[in-house]
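These notes concern the structure reproduced below.
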Amino acid sequence: MYNVRDASATGFYAHVEFASRSGKQSIYASLQFDADTGRFTTIHCPTPGATQPLSFAKAVERKIAERN
């Protein structure tokens with residue numbers, strides 16, 4: 001399981017750095033969200049099989065839905 005180490009957003013794009021529990025490894029992901037629906041459309045992550053970016057994107061979707 002990875003933890004969010006750093007995150008930034010520009011418009012409907014989020015750039016997230018996930019750190020391993022030990023903090024020795026990290027992965028980066030870019031997430032794109034639809035401006036009209038708030039749903040994620042694209043995840044770019046160079047680490048095959050990384051599940052944390054998808055989990056993060058779904059959590060963001062839930063928060064956006066709660067605000068609408």
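Hydrogens, waters and symmetry mates are skipped; everything else that's a heavy atom, side chains included, is used.
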Basic-acidic side-chain contact under 4.0 Å: E61, K58
no
For a 4.5 angstrom cut-off between non-hydrogen side-chain atoms, does I27 reach P53?
yes
Do F18 and Y13 share a hydrophobic cluster (ILVMFWY, side-chain heavy atoms under 4.5 Å, transitive)?
no
Apply side-chain contact (heavy atoms from CB on, under 4.5 Å) to R67 and list each qualifying residue two or more places apart in sequence or on a separate chain.
none
How long is the span from the CD atom in Q32 to the CZ atom in R39, to the nearest 0.5 Å?
14.0 Å
Looking at H44, is its backbone amide N or carbonyl O close enough to the side chain of S30 to form a donor-acceptor pair, meaning the two atoms are under 3.5 Å apart?
no
Exactly one of L54, L31, D34 clears side chain to side chain contact (heavy atoms under 4.5 Å, CB included) with F40, and that residue is L54
Among all residues two or more places apart in sequence or in another chain, which pass the side-chain hydrogen bond (donor to acceptor under 3.5 Å, both in side chains) test with E17?
R5, S26, Y28
